[in-house]
Amino acid sequence: MQKTLVITPSRCTACRTCELACSFKHAGPAGLGISRIRAFMFGEGKNQILTCFQCDDAACVKVCPVTALARNEATGAIEVDEDRCIGCGLCSLACPFGHMAHDGRMAIAIKCDLCGGQPACATFCPTRTLEYI
Amino acid sequence: MSETSIDPDRVRSILTRYPQGDGSGLIHALQDIQAEFGYVACEAVARLCEHLNIPLSKAFSVATFYKAFSLEPKGETIIRVCTGTACHIRGSQILADELSSLLDVEPGGTTKDLKFTLETVNCVGACAMAPVVAFNGVYQGNVQPGALTRKIRGGK
Amino acid sequence: MSEKVVNLEINGRGFQAREGMTILEVAKREGIPIPTLCHHDALEPVGACRLCMVEITHPNWRGWKGLVTACLYPVEEGLQVTTESQEIHQVRKTILDLLLARCPDAPYIQKVAAEHGVTATSFKKNEVQTVCILCGLCVRVCAVKGCNAIGTARRGIRREIAAPFGMPPPDCIGCTSCAHICPTDAIPWEDVNGVRKIWDQEFEMVRCVSCGRPIMPVTQLEFEAKRAGISPDYMTTCPACSQQKTLETIRTAFTIKRPASEDAVEAAS
Amino acid sequence: MRINSVKSLTRAAGRARGERKRLETEVLVCAGTGCLANGSMDVAEAFLGAIRRRKLEARLKLGFKTTGCHGFCEKGPLVIIQPQGIFYKGVKAKDVKEIVDQTLLKGQVIQRLLYRDPNTKQRVEQYAEIPFYSKQHRIALRNIGKIDPKCIDDCLAVGGYTGLAKALTEMKPTEVIDAVTESGLRGRGGGGFPTGRKWKTCREAEDPTKYVLCNADEGDPGAFMDRSICEGDPHAVLEGMVIGAWAVGASKGYIYVREEYPLAVKHLQAAIEQARERGFLGDDILGTGFSYDVQIARGGGAFVCGESSALMKSVAGEVGEPRAKYVHSVIRGLYDKPTVLNNVETWANVPWIITEGAAAFASLGTKKSTGTKTFSLVGKVKNTGLVEVPMGITLREIIYDIGGGIIKNRPFKGVQTGGPSGGCLPEGKLDLPVDFDTLTEAGSMMGSGGMIVMDDRTCMVDVARYFLKFLVDESCGKCVPCREGVHQLHQTVNDICAGNGRPGDLERIEALSDVVVKASLCALGKSAPNPILSTLRYFREEYEAHINDRKCPAGVCRNLFTFRISPEICNGCGLCAKSCPVDCIAGEKKEVHVIDASVCTRCGACRNVCPTDAVEVI
């Protein structure tokens, strides 16, 4: 069965290790990249983690004019083909949850790709808030 | 851009010759527009694009790519100096220069009074009579320097 | 594309690829660098810049070998590809040298040329200097988006990228895809006070329903919603506000409806 | 009337021949583009008027018709009187009365209208005896000048469409392809690709929708073979195309004609309509059930559209930009369908091959270049015009025997073949046999058949500059090496011609040319440096004179010489002063004339008219 990223916010201490892990994992030679996952601190027990839901009927996929977004059938993640992306920004506007970002002015789209099946955020989460099971 | 207004009826009668939505008629239709109005007027091309269902940018690319089309109205008399190889080695460049300085236009240009358009053409296929100059499509062969000046001065 | 698998060699190493893939696709997949200027994976290859030239030969070709563009050449069984040689370098250098004569002030061309050892052009600089290398990416991306607002004009050395009849292009939706894909930043545009200016045209921008930040031109919103078959409402909130909204929704949902200890959000798959 | 079977074709041809046989005399007036420009329409009208007024038709059983180009355009307007074969050249409307009175009514030949051999000074009466014609062997041009191209019956009378009938009723498509293969026919448009092989690949392509096209774009400046065939024998082209369509299995086709050839368009259009009426085109051709139809696509004026992929784009109404042909157009051509594209001359040869047999064609020419080839022999040669000769004939035979040598017997310098993609060959190569491979080896190419003869007053640097300028204007501009590279080559040569050449220019030209050849996208770019490379190869010293001595020895590059009238030679005839467009030559009659160099534009008019060659280049 396909694994999913399960988030249990009640365990989150907002330590932001997930953000760092994500940045390191996706960083190019230029240094830290933008994290595809974000932790929000609202006090003990109320912290929240946001990352892509990998929607079934994903708006980002629908609006992309060059089919640069496609689901990786192995992991279930919607991935950006960075060589196809033309940086038009439609996907991040279309995402109703604000889960996508663009690196700088109209560069290519950035989103969670579940690290191809080994999400770094889950691997490094110290509190098992993030589990890939 | 246009100096003469484009009669929509004349455009419409050209459009009826081409099936709607078939872009392959573009070059022919542009040729008809060129022949009808002396140039490919923007308004006419815009109507053509609607008719053939093609983007205006494509029609513009085609109209500027091919030598047959002019975006500006042409003169009453179109003088075409053949610059084919045979004409070139028999001195057509001298004729082109002569006309250029006489009419005070570069090849491709039209005199301010819209009387003459000077063009050079790659080859009209009348190489045996080189050098050849055509006045509104009427060919004149074995043209010597000076003859054109006399002809145009005489006709002016 | 056919499913037939063929064997080929690149720089002496054997690879497998689907028949009909281009040399560039296979090389990219295998991490073999081939420089390009006019190529983009999302767009039809056209072979205009000629920078991706590689040498090919085949055991059946009786010693014949020649240069082809990697972006266009489809791989076939037994093909032998060389991506680097004295001759290929000479071709690439000359192309960049020529482009530098055309666009001496384009930083991107200066950079790529320098990477190939060309720091100054050996040719006469063109009279009309520009930063446009005529790679045609802008025209192709405009076509892919379905707008076809801009195109090439004229031919030869006088070729240029242009709006039809020098007027603001009627088919332009103000999306700026042309400007973004341009490797040399040759297409100017700006957003000022909720108005976008590009191709001598001004576009009123849709503003984020929450924060009021300009998002995209009204014309583009209509166009994109229609093309994607989604409601325009999907794209009237800026990403930051969307994120905030999501956060609020989750917090409200979980604090009111369920005890905090049991909440779990699954990333749907 | 529709012709529905081979039998009824035979009957129709018989009738048409009968009509012709009934005539005792026939007057043929050439109405090709060249003769028209010389006023042959006036001549034709004068004849028609005289025939009507004097009721010659009935009195003499006289036939009259205007024909396509005889090829000897320079001497036009041409009038031929059959069956005697009397050949009059330079006929004016006012000569018509004399021709009627003397020749038609009394059977006397008018001496002054006869062709005079420039070398022997002899008047020649018979068409067939004129050296310009006698050395020729006409296959592609077989009917031109004999028939009225606007009249399909005239074409049937000389055997038109019998090749088609044979192919459709007696041969399988594969047998047609085999015949064309065995004939050794190679594409006459420039590349010389074996026609049979092209057809075979197209036939075997999977897609059932196929196209058969004709390239009548003839963009090479200095070439007009295809124009003459389209104007003079359009049915031969159509017949060839239908045979080709039958062979490969196509049902639709286009003829792509240059917009600069209005007469060719007119005649082709008329021929298509007549052929449809008679059932040689359209549905159920000759009652065999086979269908194929042709439309004319008028070009928009772009040399690059002679390149096959660009032509196909243009037919589809698009910008004529070539694409890389890593998948050939016989597999993926017009609208991405398998497409056979041949040029006019190639198609015109096909019916002959079918009727006369592949062996007859293969027996002509050389082993690898069979058959004949049409050339437009122009430039500084005495007899200019269209010639068709067996392959393998030498350049010398064409230029000296057929062409009569160089105008005013000046020294020969070079001959340019193959148009802008070809090259210039020097005196030393004159004895080379003319065939596809030999010309290519020598650094030129066959091309479509333009042959431009140059004398010592042609500057080879200027010729290279001319072709480069042509190609700069005609490059589509899609790929960098052609757009930017040829532009740079042109700039350099322009500088050399203007007297601003620098040491090392020639080496830079060669290095850049090498890359343009290797890296350009299409044949236009790949062959663009040919004119400069071939002139550098054979006439390098002329470049060096321009660069090192700042001199143009031929007296063409206007910054690099002045004219002077040699006082020793000048006989004071005054012709130069009369010809000077800027009136800068002074001198009394019978006195030495002097050019005012400060006013002189170096147009060369004086040098051209001087009977004693007194005008010198210094």
Side-chain angles (χ1 to χ4, degrees), chain B residues 18 22-32 34 52 54 58-59 61-69 80 82-95 97-98 101 120-130 132 134 137-142 144-150, chain D residues 33-34 36-38 72-74 76 218-224 227-228 258-262 264 297-303 314-321 376 378-380 384-386 416 419-420 450 452 454 458 462-463 466-467 470 473-474 476 579-581 601 603-605 608-609:
Chain B
Y18 299 92
D22 179 4
S24 69
L26 177 63
I27 293 176
H28 283 189
L30 284 174
Q31 276 164 332
D32 289 356
Q34 172 80 40
L52 300 179
I54 52 169
K58 187 179 163 186
S61 296
V62 168
T64 54
F65 184 86
Y66 294 101
K67 234 180 161 177
F69 308 118
R80 290 177 132 188
C82 179
T83 53
T85 323
C87 289
H88 178 79
I89 67 162
R90 289 200 190 169
S92 66
Q93 191 54 50
I94 290 160
L95 302 178
D97 291 349
E98 183 185 332
S101 74
T120 55
V121 51
N122 285 339
C123 184
V124 296
C127 315
M129 299 157 18
V132 177
V138 179
Y139 294 175
Q140 204 172 324
N142 298 311
Q144 293 302 313
L148 295 169
T149 305
R150 286 193 290 279
Chain D
T33 293
L36 282 179
N38 282 330
F72 211 1
C73 311
E74 193 197 0
E218 194 164 55
D220 286 5
F224 56 101
R227 172 180 70 66
S228 290
R258 287 186 85 192
E259 63 113 10
E260 289 90 342
Y261 288 175
R298 277 179 293 160
F303 173 71
S314 191
V315 168
E318 292 176 33
V319 164
E321 270 171 21
S376 68
V378 294
K380 307 274 184 83
T384 61
L386 213 59
Q416 210 279 346
I452 296 119
M454 299 167 185
T458 312
D462 176 69
V463 167
Y466 165 80
F467 281 114
F470 178 91
D473 288 342
E474 294 297 337
C476 78
S579 76
C580 179
T601 61
C603 75
N608 286 344
V609 296

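Chain letters run A, B, ... following the sequence lines, proteins first and then strands; every chain starts at 1. What you are looking at is a predicted structure, and each value in this text was computed from that prediction instead of being measured.
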- Segment of D:Val315 engaging chain B (4.5 angstrom heavy-atom cut-off): backbone
- Counting only heavy atoms closer than 4.5 Å, note whether D:Cys476 contacts chain B via side chain, backbone, both or neither. both
Return the option, out of [options], with the maximum number of heavy-atom pairs under 4.5 Å with chain B.
options	value
D:Tyr261, D:Phe224, D:Phe72	D:Phe224
D:Gly385, D:Pro221, D:Gly219	D:Pro221
D:Glu74, D:Glu260, D:Arg227, D:Met454	D:Arg227
D:Ser314, D:Ala264, D:Gly34	D:Ser314
D:Ala223, D:Ala316, D:Gly450, D:Ala302	D:Ala316
D:Thr458, D:Asn38, D:Leu386	D:Asn38

- Item | Among the listed options B:Val132, B:Val124, B:Ile94, B:Val121, the residue most often paired with chain D at heavy-atom distances under 4.5 Å | B:Ile94
- Most chain D-contacting option - heavy-atom pairs closer than 4.5 Å, from B:Ala130, B:Gly84, B:Ala128, B:Pro145: B:Ala128
Interchain contact, [X] with chain D, by part (heavy-atom threshold 4.5 Å):
X	result
B:Ser61	both
B:Asp97	side chain
B:Val62	both

I need the [X] [atom1] to [Y] [atom2] distance, nearest 0.5 Å.
X	Y	atom1	atom2	value
D:Glu318	B:Ile54	CD	CD1	9.5 Å
D:Asp462	B:Gln93	CG	CD	8.5 Å
B:Ile27	D:Glu259	CD1	CD	11.0 Å
B:Leu30	D:Arg298	CG	CZ	10.5 Å

For [X] and [Y], work out which heavy atoms get closest and say how close.
X	Y	answer
B:Cys123	D:Gly222	SG-N, 3.3 Å
D:Val319	B:Phe65	CG1-CD1, 3.4 Å
D:Val378	B:Cys127	CG1-CB, 3.3 Å
D:Thr33	B:Tyr139	CG2-CE1, 3.1 Å
D:Gly320	B:Tyr66	N-OH, 3.1 Å
B:Thr85	D:Tyr466	N-OH, 2.9 Å

Quick check against the 3.5 Å criterion: does [X] have a side-chain atom that pairs as donor or acceptor with the backbone of [Y]?
X	Y	answer
B:His88	D:Val463	no
B:Gln31	D:Gly299	yes
B:Arg90	D:Gly379	yes

- Query: For D:Asp220, which residues count as a side-chain hydrogen bond (donor to acceptor under 3.5 Å, both in side chains) partner, sequence neighbours excluded?
  - Reply: D:Ser448
- Set of residues satisfying salt bridge (charged side-chain N to carboxylate O under 4.0 Å, His left out) with respect to D:Glu474, sequence neighbours excluded: C:Arg155
- Query: Under a 4.5 Å cut-off applied to non-hydrogen side-chain atoms, are B:Lys67 and D:Asp473 in contact?
  - Reply: no
